[in-house]
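Accompanying notes for the structure given below.
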Amino acid sequence: MKRLNIAAGNWKMNKNYEEGVDLAKAITAHEVKDSHTMVILGTPFIHLKTAVEVAKANPNVKIAAQNCHQLTKGAYTGETSVDMIRSVGAEFVILGHSERRAYFAENNELLAQKVNTVLAADLRPIFCCGEALEIREAGTHIEFVAQQLKESLFHLDGAAFAKVVIAYEPIWAIGTGVTASPTQAQEMHNEIRQLISDKYGADIANATSILYGGSVKPANAKEIFGQQDVDGGLVGGASLKANDFIQIIDSF
Ligand code: 13P
């Protein structure tokens, strides 16, 4: 089976409610040309319920939260549970974004707990991994990403792992305008797929969508998505403009 192509937007902490609804409507109104492409909108919590309603108009569009708590309920002021996310109809949760790792001290161990909680709620994680510039310059980026996957995902059994979407996001390419070259992206994606294959077998590895994130824009999406092991993108800045994101969706 051919794995899905995915164009996922990560809105981060952008768009007030009205602006977010308008953006979700504009993207949902776009007919996805390739039936093998899924569009995911990673909205702030405030927008989730309405985004799910809006997305019902287009079977190719799904909705993701950008985070969740690792526990299912309780006295954790300000936090959001997987049950809440599930109850409004979102299907995915972005986990382990480098901004969460850097600003909210999320580490591989905590992320393993979040992965379990998300899967137990019948939601699907979009698991982010990726190295900082110093690590790439030291030449240890492949080992670094392998460690992130091993410590946060590889405790799963095959059936659970098969629900995970991976997003490789080199930190040096996020919001910087510097994109990994198609060759750099392909090299890492191929390594990730090999690791998955070693752990879970070729069938699961070949069915796993591995997205690239970091300064994806209309001008470079086609070339990056054209790489054999790149199955789409997790897009920040360019997902905030309907026309740009639509061009990215049409880049497969
Ligand atoms: P940019 O596309 O703005 O570089 O952000 C990438 C990202 O962090 C997506 O999660």
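All residue numbers refer to positions in the sequence shown, counting from 1. Atoms within a ligand are numbered from 1 in the order they appear, just like the ligands themselves.
Between Thr50 and Tyr17, the side chains place a donor N or O and an acceptor N or O closer than 3.5 Å (distance only, hydrogens not considered). Lys150 and Asn108 share no donor-acceptor pair across their side chains, judged by distance under 3.5 Å alone. Donor-acceptor pairing under 3.5 Å is recorded for the side chains of Gln186 and Asp229. Inspection of the His189 and Asp231 side chains reveals no N or O donor paired with an N or O acceptor under 3.5 Å.
In this structure, the side chain of Gln66 engages the main chain of Gly42 through a donor-acceptor pair within 3.5 Å.
Interface of Gly214 with ligand 1, defined as ligand atoms under 4.0 Å from a residue heavy atom, comprises 4 (O), 6 (C). If you number the atoms of ligand 1 from 1 as listed, the ones under 4.0 Å from a heavy atom of His97 come out as 7 (C), 8 (O), 9 (C), 10 (O). The ligand atoms of ligand 1 that sit less than 4.0 angstrom from a heavy atom of Gly237 are 1 (P), 2 (O), 3 (O).
The residue from Gly130, Gly236, Pro170, Gly213 that puts a heavy atom closest to atom 2 (O) of ligand 1 is Gly236.
Heavy atoms of Asn10 found under 4.0 angstrom from ligand 1 belong exclusively to the side chain. Using a 4.0 Å cut-off between heavy atoms, Ala167 makes no contact with ligand 1 at all.
In this structure, Ala173 counts as a contact residue of ligand 1, since one of its heavy atoms falls inside 4.0 Å of the ligand. Between Lys12 and ligand 1 there is a heavy-atom distance shorter than 4.0 Å. At least one heavy atom of Gly175 sits under 4.0 Å from some atom of ligand 1.
Residues Tyr168 and Glu191 have side chains not in contact (no heavy-atom distance under 4.5 Å, counting atoms from C-beta outward).
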